[in-house]
> 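Handing you a structure now.
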Amino acid sequence: MKASSLSFQAAVVFVVIGMVWGIVMAISEDHSAMPAHAHLNLLGWVSLFLFGIFYRLHPSLEGAKSAFVQIWVWIVGTAVLTVGVGLVHSGHAIGDPIAAIGSLIVLVDMLLFGWLVFRRASADPVIQPSILPAE
Ligand code: HEM
Ligand code: HEM
């Protein structure tokens, strides 16, 4: 599997969960877990999909172990942060250290992604997506 495909697939899984959660929040009229829903969608759907686009544009990273590590750590960090924030906002103090660990995981992982962007991608020819239909 390519790194971009893993990113896109994980993003879709997260957003389906996030959307169901959003609908449940709306129906129940209990928005207390809103920050957990928001970060599940923003870290899980938006960020992972953006990572996927980046990897698709840099083919030398598509099979790189560092890219797969970056994506898997992000998946784990997003899940940990979401559970932690969800617990905090549903009145469970135990969620605090869990949210803290999740936030540190995604922060460190963003530094890894930043390293890939600065070090690896600068040496890689960027594939320009064509805006013109194929002849
Ligand atoms: C079926 C789809 C979705 C439903 C039904 C839904 C529902 C909700 C609800 C009920 C809230 C609480 C609003 C409030 O209390 O002010 C909320 C907040 C939020 N949602 Fe969703 N959501 C959906 C999808 C998404 C997606 C795909 C994203 C991100 C791409 C997203 C990002 C957010 C954010 C950032 C907030 C916090 C907004 C704020 O700060 O006021 N949601 N959503
Ligand atoms: C280490 C990662 C992150 C941490 C620890 C973090 C933490 C927080 C905190 C503490 C809040 C206030 C929540 C509240 O009102 O109770 C917040 C709100 C928000 N953050 Fe983040 N954030 C992170 C990453 C991100 C990212 C990557 C995005 C966007 C892509 C984002 C978008 C938002 C938005 C839209 C809000 C307002 C909606 C809400 O209250 O949940 N955050 N964040």
Side-chain angles (χ1 to χ4, degrees):
M1 182 188 283
K2 290 178 177 178
S4 60
S5 305
L6 174 62
S7 283
F8 294 142
Q9 289 175 13
V12 170
V13 171
F14 276 125
V15 79
V16 169
I17 299 169
M19 290 170 80
V20 171
W21 194 347
I23 292 169
V24 170
M25 272 196 316
I27 291 172
S28 65
E29 295 183 18
D30 177 3
H31 296 184
S32 53
M34 182 263 273
H37 156 87
H39 287 82
L40 173 66
N41 281 315
L42 293 168
L43 300 172
W45 164 240
V46 181
S47 304
L48 269 172
F49 207 88
L50 292 174
F51 294 146
I53 294 171
F54 175 81
Y55 291 129
R56 189 56 65 95
L57 290 173
H58 295 90
S60 76
L61 289 173
E62 283 282 36
K65 197 177 165 200
S66 50
F68 283 93
V69 168
Q70 190 274 320
I71 296 163
W72 275 112
V73 171
W74 193 267
I75 291 169
V76 171
T78 298
V80 172
L81 186 143
T82 302
V83 169
V85 175
L87 286 170
V88 169
H89 287 272
S90 55
H92 301 87
I94 184 67
D96 238 338
I98 299 173
I101 291 167
S103 65
L104 292 176
I105 293 173
V106 290
L107 174 63
V108 169
D109 199 42
M110 186 54 91
L111 295 176
L112 170 58
F113 182 69
W115 177 77
L116 290 175
V117 170
F118 280 84
R119 296 282 161 197
R120 297 289 303 272
S122 56
D124 199 19
V126 173
I127 306 289
Q128 297 290 348
S130 172
I131 55 168
L132 299 172
E135 306 232 341

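Counting starts at 1 for both ligands and their atoms, in listed order.
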> Does the protein put any heavy atom within less than 4.0 Å of atom 37 (C) of ligand 2?
no
> Taking only non-hydrogen atoms of H89, do any sit less than 4.0 angstrom from ligand 2?
yes
> Where's the contact between V20 and ligand 1, heavy-atom distance under 4.0 Å: side chain, backbone, both or neither?
neither
> For ligand 2, which atoms sit closer than 4.0 Å to a heavy atom of L43?
27 (C)
> Mind checking whether M19 contacts ligand 1 via backbone (N, CA, C, O), side chain (CB onward), both or neither, at a 4.0 Å heavy-atom cut-off?
both
> Would you say atom 12 (C) of ligand 2 makes contact with the protein, given that contact here means a non-hydrogen protein atom less than 4.0 Å away?
no
> Considering only protein heavy atoms, determine whether one is less than 4.0 Å from atom 15 (O) of ligand 2.
no
> Among E29, H37, H39, which residue places a heavy atom closest to atom 24 (C) of ligand 1?
H37
> Looking at atom 2 (C) of ligand 2, would you say a protein heavy atom lies below 4.0 Å from it?
yes
> At a 4.0 Å cut-off, with the gap strictly under it, does some heavy atom of V106 reach an atom of ligand 2?
yes
> Nearest non-hydrogen contact with atom 5 (C) of ligand 2 belongs to which option: P35, S103, A38?
S103
> Would you mind telling me which of V20, V46, L40, N41 makes a side chain to side chain contact (heavy atoms under 4.5 Å, CB included) with V15?
N41
